[in-house]
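Heavy-atom basis, side chains included; hydrogens, waters and symmetry copies ignored. Atoms within a ligand are numbered from 1 in the order they appear, just like the ligands themselves.
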Amino acid sequence: MGKQVRRIGVFTSGGDAPGMNAAIRSVVRSALHMGIECVGIRRGYHGLINGDIIPLNFESVSGMARRGGTMLYSARSEDFKARQGQERAIATCKLLGLDAPVGIGGDGSFRGLLTLAKQGLSVIGIPGTIDNDIACSTYTIGFDSACNTALECIDKLRDTMQSHERCSVVEVMGRHAGHLALEVGVACGATAVLVPEHEVDYERDLIEPIRQLRLGGHTHYMVIVAEGVCSAYEVAKRIHEETTVDTRVTVLGHIQRGGKPSSRDRTAATYMGYKAVSLLAEGKSCRVVAMQNEKYVDFDIEEALNMTKGLDEQTYTVMRALSGRK
Ligand code: ADP
Ligand code: F6P
């Protein structure tokens, strides 16, 4: 039997993602339901170091499931990466009686949680990032909303690209991973999707497909570039130089992190928040909540951090097959 948890401190860390507020709401209300107190730690690990906490109750998270951003602010803290910062955070937790930090974020945030677990705190991680790059989980909160936002923008771009017979080169986020680019590319019917998981051969993957499509009567093209590959400007220049097709670049940037969370993100966040608190109530610690085969499960944080996640190769194959390649 693990330790009995009295006071949870929920926080968001790293890049924000639509659905983080829904996860906060779920953690707070699940905790209340299970007779555990819950406070909010603001600005990620900065807040943990500096004791930046706010009380949270049933009413303070009312209406939060539908709101974008994070009501607790998010931040990246270099101080927390150093031992001194971690010691200050532990001291703050002791002073404030916080025995269970629950962090919503990505791999980096989970590494931070691991350091706290090693100092005896009961910690749980919830995967929240638009990149969908957490190895132990097939899904991360924010991914679906970010895909939908990107898609909405790309549909608009396609209208004007069609009118002017141009090639649109759209750069999407994803850090070192291509999950977002691939999903968006399949959904918008892209001419080509460049992802960091596959070495790019410009002639084979980009120039030749555009030439072939043009010979077949195609007049406009949509190329999706994951930010982890290279700059979309480089890609556009190359396309224009080698095919003479007129190109325009759009870097979608942080727009992908904003907006109302989709139904999928609200529900994933709600289930994951509930699961996080249930684990603590059962006396478990040092776990990451995850999705596997559409079920909510959990992994040891260290084990989770050692796992790797590849691109969905079936999706990649389908994308290539439908984009007119031989
Ligand atoms: P994400 O959680 O989305 O991967 P980051 O990689 O920026 O985002 O990590 C968020 C924060 O987690 C960092 O600013 C830092 O405070 C903390 N963190 C990241 N890596 C470590 C580490 N190795 N040890 C301790 N804390 C870390
Ligand atoms: O991890 C989420 C993410 O949006 C990545 O896709 C991107 O590379 C990074 O964060 C951008 O971070 P920042 O908000 O610091 O510009």
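- Within ligand 1, counting atoms from 1 as listed, the ones closer than 4.0 Å to a heavy atom of Ser13 are 10 (C), 11 (C).
- Residue Gly106 approaches ligand 1 through these ligand atoms, each under 4.0 Å from one of its heavy atoms: 1 (P), 2 (O), 3 (O), 4 (O).
- Using a 4.0 Å cut-off between heavy atoms, His46 makes no contact with ligand 1 at all.
- Annotation for Tyr271: atom OH does not count as buried by contact number, only 12 or fewer foreign heavy atoms lying within 6.0 Å.
- The proximity of Gln86 to ligand 1, defined as any non-hydrogen pair under 4.0 Å, is limited to the side chain.
- Atoms of ligand 1 found under 4.0 Å from any heavy atom of Ser77 (numbered from 1 in listed order, with element): 13 (C), 14 (O), 15 (C), 16 (O).
- A salt bridge links Glu294 with Arg264: the distance from a Lys NZ or Arg NE/NH1/NH2 to an Asp or Glu carboxylate oxygen falls below 4.0 Å.
- Atom CD of Glu152 is surrounded by 12 or fewer heavy atoms from other residues, nucleotides or ligands within 6.0 Å.
- Tyr316 and His198 have their aromatic ring centers within a separation under 6.0 angstrom.
- The protein atom (non-hydrogen) at minimum distance from atom 7 (C) of ligand 2 is Glu227 OE2, 3.2 Å.
- Scanning the protein heavy atoms around atom 15 (O) of ligand 2, the nearest turns out to be Arg76 NH1, 2.6 Å.
- Salt-bridge check for Glu78 with Lys81: passed, with a basic side-chain N closer than 4.0 Å to an acidic carboxylate O.
- Among Arg76, Glu78, Lys81, Arg111, the residue whose heavy atom lies nearest to atom 5 (P) of ligand 1 is Arg76.
- A salt bridge links Arg211 with Glu203: the closest approach of a Lys/Arg side-chain nitrogen to an acidic carboxylate oxygen falls below 4.0 angstrom.
- For the pairing with Arg43, the side chain to side chain donor-acceptor pair (under 3.5 Å) check across Asn50, Asp52, Thr12 returns one residue only, Asp52.
- Using a cutoff of 4.0 Å between basic side-chain nitrogens and carboxylate oxygens, Arg238 and Glu234 are not scored as salt-bridged.
- Ligand 2 lies within reach of Gly174, whose nearest heavy atom is under 4.0 Å from it.
- Nearest to atom 18 (N) of ligand 1 by heavy-atom distance, out of Ser109, Gly14, Gly108, is Gly108.
- Salt bridge status for Lys118 with Glu302: present, with a side-chain N to carboxylate O gap under 4.0 Å.
- Proximity to Tyr45 (heavy-atom distance under 4.0 Å) selects the following atoms of ligand 1: 12 (O), 16 (O), 17 (C).
- Checked for salt-bridge contact, Asp298 and Arg287 meet the test: a charged N lies under 4.0 Å from a carboxylate O.
- Distance from atom 4 (O) of ligand 2 to its nearest protein heavy atom, with residue and atom name: Arg257 NH1, 2.7 Å.
- Ligand 1 lies out of reach of Arg83, whose nearest heavy atom is not under 4.0 Å from it.
- The N/O atoms of Phe80, backbone and side chain alike, include none that comes under 3.5 Å of an N/O atom in ligand 1.
- Protein heavy atom nearest atom 16 (O) of ligand 2, with residue, atom name and distance: His254 NE2, 2.9 Å.
- Looking from atom 1 (O) of ligand 2 to the surrounding protein, the closest heavy atom is Asp131 OD2, 2.7 Å.
- The shortest heavy-atom distance from Asp107 to ligand 1 is under 4.0 Å.
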Would you please test Asp265 and Tyr139 for side chain to side chain contact (heavy atoms under 4.5 Å, CB included) and show each step?
-> CA-CA 9 Å; Asp265 281 326; Tyr139 193 74; 2.5 Å; yes
